[in-house]
Amino acid sequence: MSAMAHEHEPLTQEEVLLEGFLALDTPEGFRAELIEGEIVVTPPPEGAHEANISRIIRQVARHSAVDMDVSGNKGLAVPRGGQCVKNHVIPDLTFAEARVGLFDDAGAWMPCDEVAMVVEVTSTRADRDRTAKRHCYARGGIPLYLLADREKNSVTLLSEPGEDDYRQVNTMRPPPLPTVAARPGRCVT
């Protein structure tokens, strides 16, 4: 009997990148994402970032027409774009209707099906949230993307995902707050 040598197809550059990404062992508290063919490792967020996250969760819970489940830092596998491998992104928040039970049996990286909304609060690399992740979420067909941009002091709600971007973009800036005078009940604008 002769042994037959099995030839394996060499891995493509994309496959090598994806394998390396999935094998990463990031330090505790850090998160790694694969965005547009680039491996991005992010440190734990600071307090102001988390305070914004908390405010958004409270607002969604109070004002949503249906009960929502939320996951912080849930890995999403979204369709590829351009010449890069499938993207693996981690939004600050991922919302889904509670009745769906989307997170119950989800693996570390789940598809975007049934995701109702993702949220990003900008940190050190705000441009990535404004552009690359925006396109990733649109390609994933995620109906709503809420971007709280701390640099620009604005909140943008993107909706109606298309092939590579959202068709509807609504940006709001908070109105100027009145200056409270020394005596209660008296405001100066």
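Atom set for the values below is all heavy atoms of this structure, side chains included, hydrogens, waters and symmetry mates excluded.
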Worksheet item: How close do R150 and A48 get, heavy atom to heavy atom, and via which atoms?
Response: NH1-CB, 3.4 Å
Worksheet item: What heavy-atom pair brings C112 and A77 nearest, and what distance separates the two atoms?
Response: SG-O, 3.8 Å
Worksheet item: What residues, two or more places apart in sequence or in another chain, satisfy salt bridge (Lys or Arg N to Asp or Glu O under 4.0 Å) together with E163?
Response: none
Fill in: Shortest non-hydrogen separation from H135 to D164 and the atoms involved
ND1-O, 2.5 Å
Discussion item. In this structure, would V66 and V100 fall into the same cluster of hydrophobic residues linked by side-chain contacts under 4.5 Å?
Written reply: no
Item to complete: Measure the shortest side-chain to side-chain distance between F95 and S64 over non-hydrogen atoms and say whether it is less than 4.5 angstrom.
Response: no
Practice prompt. Nearest 0.5 Å please: distance from the CD1 atom of I53 over to the CZ atom of R58.
Written response: 11.5 Å
Fill in: Value rounded to 0.5 Å, distance of CZ in R130 from CG in D149
4.0 Å
Item to complete: Report yes if some heavy atom in the side chain of T94 is under 4.5 Å from a heavy atom in the side chain of F103; otherwise report no.
Response: yes
Practice prompt. Take I56 and L146 through the side-chain contact (heavy atoms from CB on, under 4.5 Å) test and state the conclusion after the steps.
Written response: CA-CA 10 Å; I56 292 168; L146 182 68; 4.1 Å; yes
Worksheet item: If every non-hydrogen atom of G162 is compared with every non-hydrogen atom of R167, which pair is closest and at what distance?
Response: CA-NH1, 3.2 Å
Worksheet item: Can you name the nearest heavy-atom pair linking K74 to A106, along with the distance?
Response: CE-CB, 3.8 Å
Worksheet item: Between P161 and A138, which heavy-atom pair has the shortest distance, and what is it?
Response: CB-O, 3.6 Å
Worksheet item: Are the side chains of T171 and K152 in touch, meaning some heavy atoms are under 4.5 Å apart?
Response: no
Item to complete: For the residue pair Y145 and Y166, categorise the inter-ring angle as parallel (less than 30°), tilted (30 to 60°) or perpendicular (more than 60°).
Response: tilted
Worksheet item: So, N52 side chain and V121 main chain: donor-acceptor pair closer than 3.5 Å or not?
Response: no
Worksheet item: Are V60 and Y137 linked, directly or through other ILVMFWY residues, by side chains that come within less than 4.5 angstrom of each other?
Response: no
Practice prompt. Can you spot which of I90, I142, V89 makes a side-chain contact (heavy atoms from CB on, under 4.5 Å) with V118?
Written response: I142
Item to complete: Measure the spacing between CG of L76 and NZ of K133 and express it to the nearest 0.5 Å.
Response: 9.5 Å
Worksheet item: Is there a path from L158 to L144 through hydrophobic residues (I, L, V, M, F, W, Y) whose side chains come within less than 4.5 Å of each other?
Response: no
Discussion item. What I'd like to find out is whether the side chain of I57 reaches to under 4.5 Å of the side chain of L93, using heavy atoms alone.
Written reply: yes
Item to complete: Not counting sequence neighbours, list each pair that qualifies as a salt bridge (Lys or Arg N to Asp or Glu O under 4.0 Å) and has a residue in residues 94-113.
Response: E97-R99
Worksheet item: Considering only heavy atoms from C-beta outward, does the side chain of M110 approach that of L102 to under 4.5 Å?
Response: yes
Worksheet entry | Flag side-chain contact, heavy atom, 4.5 Å: L147 against R134 | no
